[in-house]
Amino acid sequence: HTPQLLEEQERLIATLIEAHRKTYDASYSDFSQFRPPKRGDGSPECRNATNPFLMSLLNSDMDELPKASASGAEAAAGDELSMLPHLADLVSYSIQKVIGFAKMIPGFKELCTEDQISLLKASAIEIIILRSNESFTMEDNSWTCGSNEFKYQIGDVMQAGHKLELLEPLVKFQVNMKKLDLHEAEHVLLMAICLFSPDRPGVQDRCRVEEVQEHLTETLRAYIACRHPLSCKHMLYAKMVEKLTELRSLNEEHSKQYLQISQDAVNKEDLPPLLLEVFGNPTA
Ligand code: BIV
C-alpha cells in the first residue's frame, strides 16, 4: 500500500528542514575562526621547529638532508597531529550545531536532560558524518568547504591522527551516501532518526525515544512513497536503514581512534573542552 503524507508529517518535515538550515551554514564562513589548518606541506611555517633542517641534521648522524625531506614529503610525516587543532575545532563547532539541531526536533526537549545527553554523546559523531555529506564532493573525494584551506582530504584527517585503513570506509560511506542523492527532507529525517536511537548506552526512557523514532521512520517511509520518483525509490528506505548500521561501526572505530589520539596528544589544549566532554577525557 502507499501511505499518505499526513498534514502533521508535512509539518514535521518542514520543522526539521528549518532546524537544519538554521544550524548548517553552507557558506562555511565561521571556519576562519578555527585554529588554522596545518598541512605539513614542507613550508617552514608548517613545521613545529623554528629550524627544522638544522634540527634534523643535529639530531642524526647524517650530514646531508635526504631529498624527500628537503622537498617536504618527510617533513609532513614528522609533523605529527598537525591538523588536530583545526579538525578538533571543526568537530567541536559541529557538535554545537548538532545540539542546536537536536533542540529543535519535536520531542527532544521533552526528554529528561540525562537522556538528551546520552543520545547526543552517542550520536554526535554519526550526525557529523551524515551532515558532512553536504560538503563532500565525489569530484575529488574531499569535503570542500569553500577555499582550498578548508578542503579536507584523507591525508588531512590522517594528520589529525586517524589511520588510513579506517578512513577508507569513511570515504566509501560518503560516496555511497552521495549516490543515494537524498532529498533534503530525507537527509534531515535520517539525522533525526539517528539521534533518536533507543538502544544508546545510558538511555533511561527507551520507550519515549522509540516512540519518537518510530514516528520519524513512518514519516520517512511515507515521504519516500509519495514524493520520491518511482524509478529511484526502489529500496531507498532499506538503503537508508543500512546507512545507520554502517554509522554504528564508523562510530565504534572513531571512539577507539579518538582515545588513542587523545592519549598521544602532547598539547592537551589541542582538544576543546566540549570534545573532551562528548568523546571522553582520558586524563580526567
Ligand atoms: O560539512 O575515525 C560538518 C560541516 C562541513 C564540514 C565537515 C566535514 C567533516 C569531515 C572532514 C563537518 C574532516 C574529518 C571529519 C569528517 C567527518 C568525520 C571526520 C570531521 C564536520 C572525523 C571522524 C573520523 C572517523 C574515523 C576515520 C572512523 O559538520 C574526524 C574526527 C577528528 C577527531 O577524532 C580528532 C575529533
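Source: prediction; values computed, not measured. Counting starts at 1 for both ligands and their atoms, in listed order.
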Of all protein heavy atoms, the one nearest atom 19 (C) of ligand 1 is L170 CD2, 4.1 Å
query: How far apart are the C-alpha atoms of S118 and R200, what are their side-chain angles, what is the distance that settles it, and do they pass the side-chain contact (heavy atoms from CB on, under 4.5 Å) test?
result: CA-CA 7 Å; S118 298; R200 303 292 194 182; 5.6 Å; no
Check: of F136, Y24, F31, min heavy-atom distance to atom 1 (O) of ligand 1 comes from Y24
inquiry  = Below the 3.5 angstrom mark, is there an N/O of R131, backbone or side chain, next to an N/O of ligand 1?
reply    = yes
Point to revise | Y237-H228 aromatic ring centre distance below 6.0 Å | key: no
### Message
Does either side chain, that of N281 or that of T283, offer a donor lying less than 3.5 Å from an acceptor on the other one?
### Response
yes
When distances are taken from atom 27 (C) of ligand 1, the protein heavy atom at minimum range is L167 CD2, 3.5 Å
Taking only non-hydrogen atoms of L250 and a 4.0 Å limit, the atoms of ligand 1 in range are 28 (C)
- Should we say atom NZ of K109 is surrounded by more than 12 heavy atoms from elsewhere, each under 6.0 Å from it? no
Query raised in the report: Among side-chain atoms of Y258 and H162, is any donor-acceptor pair under 3.5 angstrom?
Result: no
Parallel, tilted or perpendicular for F31 and Y93, by the 30°/60° rule?
perpendicular
Of all protein heavy atoms, the one nearest atom 35 (C) of ligand 1 is L84 CD1, 3.5 Å
- Using 4.0 Å as the upper bound for N to carboxylate O, is an ion pair formed by R11 and E18? no
Looking only at protein heavy atoms, what sits closest to atom 18 (C) of ligand 1 is I129 CG1, 3.9 Å
Near S135 (heavy-atom distance under 4.0 Å), the atoms of ligand 1 are 1 (O), 5 (C), 6 (C)
Backbone or side-chain N or O of E253 under 3.5 Å from ligand 1 N or O
no
Counting from 1 in the order shown, the ligand 1 atoms closer than 4.0 Å to a non-hydrogen atom of I128 are 21 (C)
At under 4.0 Å between heavy atoms, what of H162 touches ligand 1? The answer is side chain
Atom 14 (C) of ligand 1 sits nearest the protein heavy atom V157 CG2, 3.7 Å
Margin query: I'd like to know if E184 pairs up with R21 as an ion pair, taking the criterion as any Lys NZ or Arg NE/NH1/NH2 lying under 4.0 Å from an Asp or Glu carboxylate oxygen.
Written below: yes
Atom 22 (C) of ligand 1 sits nearest the protein heavy atom I125 CD1, 4.3 Å
(Q) Contact between I105 and F196 at the side-chain level, heavy atoms closer than 4.5 Å - yes or no? (A) yes
If you apply the rule ring pair (Phe, Tyr, Trp, His ring centres under 6.0 Å), what do you find for Y24 with H187, and how did you get there? CA-CA 13 Å; Y24 191 99; H187 179 65; 7.8 Å; no
- Query: Do the two ring centres, one from Y28 and one from F150, sit under 6.0 Å apart?
  - Reply: no
the protein heavy atom lying closest to atom 23 (C) of ligand 1 turns out to be H254 CD2, 3.8 Å
The protein heavy atom nearest to atom 20 (C) of ligand 1 is V91 CG2, 3.7 Å
Quick look: C145 vs ligand 1, heavy-atom contacts under 4.0 Å, and the answer is side chain
Note: heavy atom closest to atom 29 (O) of ligand 1, options S94, P85, S249, S132, belongs to S94
